[in-house]
Amino acid sequence: MATRSRRWLGLLLVLLLIQAVPIDRTNPPVETEIVVPAEVHAILQRSCYDCHSNTTVWPWYSRVAPVSWLVAHDVHSGREHLNFSTWNRLDARKRAHAMDEIDEHISRGEMPLSTYLWLHPVAKLSDADKAILHAWTTAAGAEPSAMPDMPGMTH
């Protein structure tokens, strides 16, 4: 019995010690907002922005290791791949490629990540959401530099 108690005490000690490992949970400044129709913006904000923008909402569990390590990795990886808060850095060719990638990942059901959806079921894309995003990526991808402010569009 003493061995079992020591194991539990050891595990508890390890769990406490790993809390001291620093994790970057910063949100850099938003350089620009992508200009999109309001309905697209609502979908992106609900389903994509936590990992693909600098406006991440860091939930309580993002402060508890080892889960915090996974959350931070997903956010940093997501921002590196596509960041709507730095959309201004992309030239027309890269924007067109980004639109193709967005459409492809959504149509394959790869985004949002299933691990994200476990704790954020509201982020699940409906068929209607997917159709709206497909129409947007198709239209914007065809003319990526022509994304002017238009009625019904938000930043």
Side-chain angles (χ1 to χ4, degrees), residues 14-15 18-155:
V14 167
L15 287 174
I18 65 175
Q19 301 312 310
V21 175
I23 299 295
D24 179 14
R25 286 182 294 271
T26 58
N27 283 337
V30 173
E31 293 178 20
T32 188
E33 281 283 340
I34 184 170
V35 179
V36 296
E39 62 187 351
V40 171
H41 184 264
I43 296 167
L44 294 177
Q45 195 167 33
R46 185 188 76 229
S47 300
C48 308
Y49 272 30
D50 271 349
C51 293
H52 294 286
S53 80
N54 293 346
T55 60
T56 302
V57 175
W58 296 94
W60 67 268
Y61 53 84
S62 70
R63 289 165 171 57
V64 181
V67 174
S68 60
W69 304 339
L70 300 171
V71 173
H73 174 268
D74 285 349
V75 170
H76 296 297
S77 176
R79 287 177 180 170
E80 185 178 310
H81 189 73
L82 173 68
N83 190 335
F84 290 111
S85 298
T86 58
W87 190 255
N88 59 312
R89 295 181 188 177
L90 303 179
D91 61 28
R93 184 183 55 77
K94 289 180 180 177
R95 287 182 186 189
H97 179 71
M99 291 297 175
D100 289 342
E101 291 268 316
I102 292 167
D103 191 48
E104 183 178 325
H105 287 293
I106 290 170
S107 67
R108 289 183 179 175
E110 298 168 350
M111 287 289 151
L113 295 174
S114 59
T115 52
Y116 180 78
L117 293 174
W118 292 343
L119 295 171
H120 303 90
V122 70
K124 183 173 174 52
L125 296 172
S126 67
D127 289 341
D129 292 337
K130 291 176 184 178
I132 290 167
L133 292 175
H134 175 71
W136 167 65
T137 57
T138 302
E143 193 60 48
S145 60
M147 294 181 73
D149 289 328
M150 296 173 60
M153 296 193 138
T154 62
H155 300 251

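One is the number of the first residue; the rest follow in order along the sequence. Scope of the values below: all heavy atoms of this structure, side chains included, with no hydrogens, waters or symmetry mates. The structure displayed is predicted, hence computed values, not measured ones.
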The criterion is side chain to side chain donor-acceptor pair (under 3.5 Å); which residues satisfy it with [X], sequence neighbours excluded?
X	answer
R63	none
R25	none
D127	none
S77	none

### Task
With sequence neighbours excluded, give me every salt bridge (Lys or Arg N to Asp or Glu O under 4.0 Å) pair touching residues 74-90.
E31-R89
#### Entry: D103: partners by salt bridge (charged side-chain N to carboxylate O under 4.0 Å, His left out), with sequence neighbours left out
none
What residues, two or more places apart in sequence or in another chain, satisfy side chain to side chain contact (heavy atoms under 4.5 Å, CB included) together with [X]?
X	result
L117	P112, A123, K124
H105	H81, E101, E110, M111
S114	none
L82	H52, F84, W87, A98, I102

### Under the ring-ring contact (aromatic ring centres under 6.0 Å, His included) test, residues paired with H134 that sit two or more places apart
none
### Task
Would you check if the side chain of D129 reaches a backbone N or O of S126 as a donor-acceptor pair within less than 3.5 Å?
yes
